[in-house]
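Just so it is clear: chains get the letters A, B, ... in the order the sequence lines come, proteins before strands, and each one is counted from 1.
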Amino acid sequence: MLYNQPNPLEVKVLSRRFTLLNSQSIETYLANDGYKALEKALGMTQEQIIDEVKASGLRGRGGAGFPTGMKWGFVPRQSPKPKYIMVNADESEPGTCKDRLLIEYDPHQLIEGILIAGLAVGSQQGYVYIRGEYRYLIDVMDRAIDEAYAKGILGDNVMGRGVKFHLTTHSGAGAYECGEESALLESFEGKRGNPRIRPPFPAVAGCYQSPTILNNVETFCAVPPILLNGAEYFKGLGSPKNGGTRLFCLSGHINKPGVYELPMGFNLMRMINEVGGGMRGGKKLKAVIPGGSSCPVLKADECDLAMDFDTLAAAKSMLGSGGVVVMDEDTCMVGAALRIMKFYAHESCGWCIPCREGTNWLKKLLTRFHAGMGTRSDIILIGDLAKNMLGRTFCPLGDAAALPTISIVEKFTDEFEAHLNGEPCPYENKSRLVSA
Amino acid sequence: MTFSPELEARFEKFLAKYPADRKRSAVIPMLIYGQDELGAVTDELINEIALRTGVTPLQVTEVVGFYSMLHRKPQGKYHVQICTNISCLLVGGEELWAQACHKLGIGHKETTADGRISLEEVECMGACSWAPAVQVNYDFYHDITPAQLDKLIDGLAAGKKPEEIAEVRKVSC
């Protein structure tokens, strides 16, 4: 059973097997095109695989949207060092809950994507770094990996073709920062999850300082459909330069929150109204976080746009990780900014001072402000402080904390002013009630 | 020191996952599964992991301090984690959190006197589209209502197992 009802507007590519009986099992997978893309890839050269992924327009689904084929192309395949495939299943961006489903309902699709990535760069070892909270998914993944070994799909002789590839899971232990690629690698190596300075990028010096392909779960899962149906097919599903579909995670004040697979470039207002069932209780839309809490918020009148990486960048926000958080007219934006900042202050790893100090001071300022004790100069101070974090940290967590804050202060200055009258939040006790 | 045969087997499997000169990679998985069995990250566990992975106990200890799921003191038998991050906040996560604290008379990272229930206000657990969400140990509970949370806490406090509480059903298998 899916956690939410599907929607007829969905274009099911990565999620097409989710509703099949025993969709986790290798038998179901094999009976539904499973490992056929791998079969095809085994007959292709490394360049051909990378070119196919490049031509598909697939861009990283973890948040940054970097072209996947290009990333794979950066791996020095002639290097004498071992190459690694690292799967980022440390899904923890607030608003995002899609990788859970991809592993839970179709773990073999992920394994197949990993294997193809392995072929593309000549890697013989992959690891799936799964966040510790997803313990049951580690078990799902382990069972799927065992099945693939038993069928000769993983191991010393992949599908009898003389290629070696081994795969195993790795448990995290609770740290948002470890979803950042270089911190993930540090954590994987048994250390605190502090980021590394880049360059060198993981493609050149990643896992154990060896060339590494590091992608999000959804990115790997998109690879088998690309190889199977061709780059043109995948590219044609989305908007220009944004190939394919995406699992959008709709949450917040809508009637039908859920994870829905929609073409890249799907209109955000349609997503809210036609897929998400419209605003809960007939309330008016106030703001949307388009791609996880790290993204600048969009005001209601900015939401009539195509959900792809380039359109969102042009709108000075980000498509991010696909977490679409919808907020209605009764939402206190100061409260939202505060909750988001509490998160970043908690999750800042402390490595870079602008982030460690900035997030904590912003949390203090916003806490004071939300309690009605802010001053007019605080409004400017919050914006200035956040802007001073931008670009001054090893990893993007500093920016991720600053960007939504800056956008909320600039776009909802009136709400900050409404908190200046010395009284508690004007939105107190509104709208957050849990439906029965 | 030796652990249960199951944990020993698991540790052996973990140590075999990584290249021979990279045993340190097993530190975090060993810590979290070790903690599951022992109830907390004990000094003995740290020393044993250090020994088996070829690092110093200090190198293991500094890791323990970094990760939010690792803890040096035991938690309750049932560790109830309530998300109040943005998606859950919008649909009542903070109210659920306040309700749980009030009902049990304990706060963040505290345990009831009988050791049965501990509470933690957690960051996003990846259930945003089915918010508000609660985790009890490793099990997920989606779309939790105040009435369900009441039943869950009452049941656990009365000595029931989560699966014996009919009003709430875990979703993860």
For this session: Would you mind checking which part of A:Ile289 comes under 4.5 Å of any heavy atom in chain B, side chain (CB onward), backbone (N, CA, C, O), both or neither?
Result: side chain
Exercise. For A:Tyr176, is it the side chain, the backbone, both, or neither that has a heavy atom closer than 4.5 Å to a heavy atom of chain B?
Worked result: neither
Exercise. By a 4.5 Å heavy-atom criterion (distance strictly below it), what part of B:Gln135 contacts chain A: side chain, backbone, both, or neither?
Worked result: side chain
Problem set entry | Nearest-0.5 Å distance that lies between atom OH in A:Tyr134 and atom OG in A:Ser92 | 7.5 Å
For this session: Return yes if a side-chain donor-acceptor contact under 3.5 Å exists between B:Gln35 and B:His71, otherwise no.
Result: yes
Exercise. If you tally heavy-atom pairs under 4.5 Å against chain B, which of A:Gln125, A:Lys98, A:His170 wins?
Worked result: A:His170
Problem set entry | Winner by heavy-atom pair count (cut-off under 4.5 Å) against chain B, out of A:Cys249, A:Gly252, A:Gly95 | A:Gly95
Exercise. For B:Thr53, is it the side chain, the backbone, both or neither that has a heavy atom under 4.5 Å from a heavy atom of chain A?
Worked result: neither
For this session: Would you tell me whether A:Tyr3 and A:Glu104 have side-chain atoms, one donor and one acceptor, within less than 3.5 Å of each other?
Result: yes
For this session: Please state whether the side chain, the backbone, both or neither of B:Ala127 comes within less than 4.5 Å of a heavy atom of chain A.
Result: both
For this session: Measure A:Tyr84 against the heavy atoms of chain B and call it side chain, backbone, both or neither at under 4.5 Å.
Result: side chain
For this session: Compute whether any side-chain donor of one residue and acceptor of the other, for A:Glu91 and A:Thr96, lie under 3.5 angstrom apart.
Result: no
For this session: Can you tell which part of A:Val324 gets under 4.5 Å to a heavy atom of chain B, answering side chain, backbone, both or neither?
Result: neither
Problem set entry | Side chains of A:His166 and A:Gln124, donor plus acceptor under 3.5 Å | no
Problem set entry | Short side-chain donor-acceptor distance under 3.5 Å, A:Tyr127 and B:Ser25 | no
Exercise. Measuring from A:Ile130:CD1 to A:Asp99:CG, what's the distance to the nearest 0.5 Å?
Worked result: 10.0 Å
Exercise. Between B:Met125, B:Gln59, B:Gln148, which residue shows the highest count of heavy-atom pairs closer than 4.5 Å to chain A?
Worked result: B:Met125
Exercise. In terms of heavy-atom pairs under 4.5 Å with chain B, which of A:Lys256, A:Glu93, A:Arg131 leads?
Worked result: A:Arg131
For this session: Could you check which of A:Ala336, A:Gly172, A:Ser187, A:Pro82 has the highest count of heavy-atom pairs closer than 4.5 Å to chain B?
Result: A:Ser187
Exercise. What orientation do A:Phe188 and B:Tyr18 show, parallel under 30°, tilted 30 to 60°, or perpendicular over 60°?
Worked result: perpendicular
Exercise. Most heavy-atom pairs under 4.5 angstrom with chain A, which of B:Asn85, B:Asn137, B:Val27, B:Val63?
Worked result: B:Asn85
For this session: Among A:Pro257, A:Gly323, A:Cys178, A:Ala173, single out the residue with the greatest number of heavy-atom pairs under 4.5 Å to chain B.
Result: A:Ala173
Exercise. Most heavy-atom pairs under 4.5 angstrom with chain A, which of B:Met30, B:Gln81, B:Glu123?
Worked result: B:Glu123
Exercise. Do A:Thr168 and B:Lys17 have side-chain N/O donor and acceptor atoms under 3.5 Å apart?
Worked result: yes
Exercise. At a heavy-atom separation under 4.5 Å, does A:Leu185 approach chain B through its side chain, its backbone, both, or neither?
Worked result: neither
Exercise. Checking A:Arg192 against chain B: side chain, backbone, both or neither under 4.5 Å from a heavy atom?
Worked result: both
Exercise. Quick one: what part of A:Val259 sits under 4.5 Å from any heavy atom of chain B, side chain, backbone, both or neither?
Worked result: both
For this session: Classify the side-chain pair A:Ser15/A:Tyr260 by whether it contains a donor and acceptor separated by less than 3.5 Å.
Result: no
Problem set entry | chain A contacts, top residue of B:Asp36, B:Val55, B:Val60 (heavy-atom pairs, under 4.5 Å) | B:Asp36
Problem set entry | Toward chain B, the part of A:Ile254 with a non-hydrogen atom under 4.5 Å | neither
Exercise. What distance do A:Met141 atom CE and A:Asp146 atom CG have between them, rounded to the nearest 0.5 Å?
Worked result: 11.0 Å
Problem set entry | Aromatic plane relationship, A:Tyr105 with A:Phe18 - under 30° parallel, 30 to 60° tilted, over 60° perpendicular | tilted
Problem set entry | Interface moiety of B:Val64 toward chain A, non-hydrogen atoms closer than 4.5 Å | neither
For this session: Below 4.5 Å from any heavy atom of chain B, which atoms of A:Glu347 appear? Answer side chain, backbone, both or neither.
Result: side chain
Problem set entry | Leading residue by heavy atom contact count with chain A [cutoff under 4.5 Å; candidates B:Ala147, B:Ala131, B:Ser68] | B:Ser68
Problem set entry | ring-ring contact (aromatic ring centres under 6.0 Å, His included) assessment of B:Tyr33 paired with B:Phe11 | CA-CA 9 Å; B:Tyr33 281 83; B:Phe11 278 4; 8.4 Å; no
Exercise. Will you find, in the side chains of B:Glu8 and B:Thr2, an N or O donor that is under 3.5 Å from an N or O acceptor?
Worked result: no
Problem set entry | Contact leader toward chain A among B:Gly126, B:Cys83, B:Cys88, where contacts are heavy-atom pairs under 4.5 Å | B:Gly126
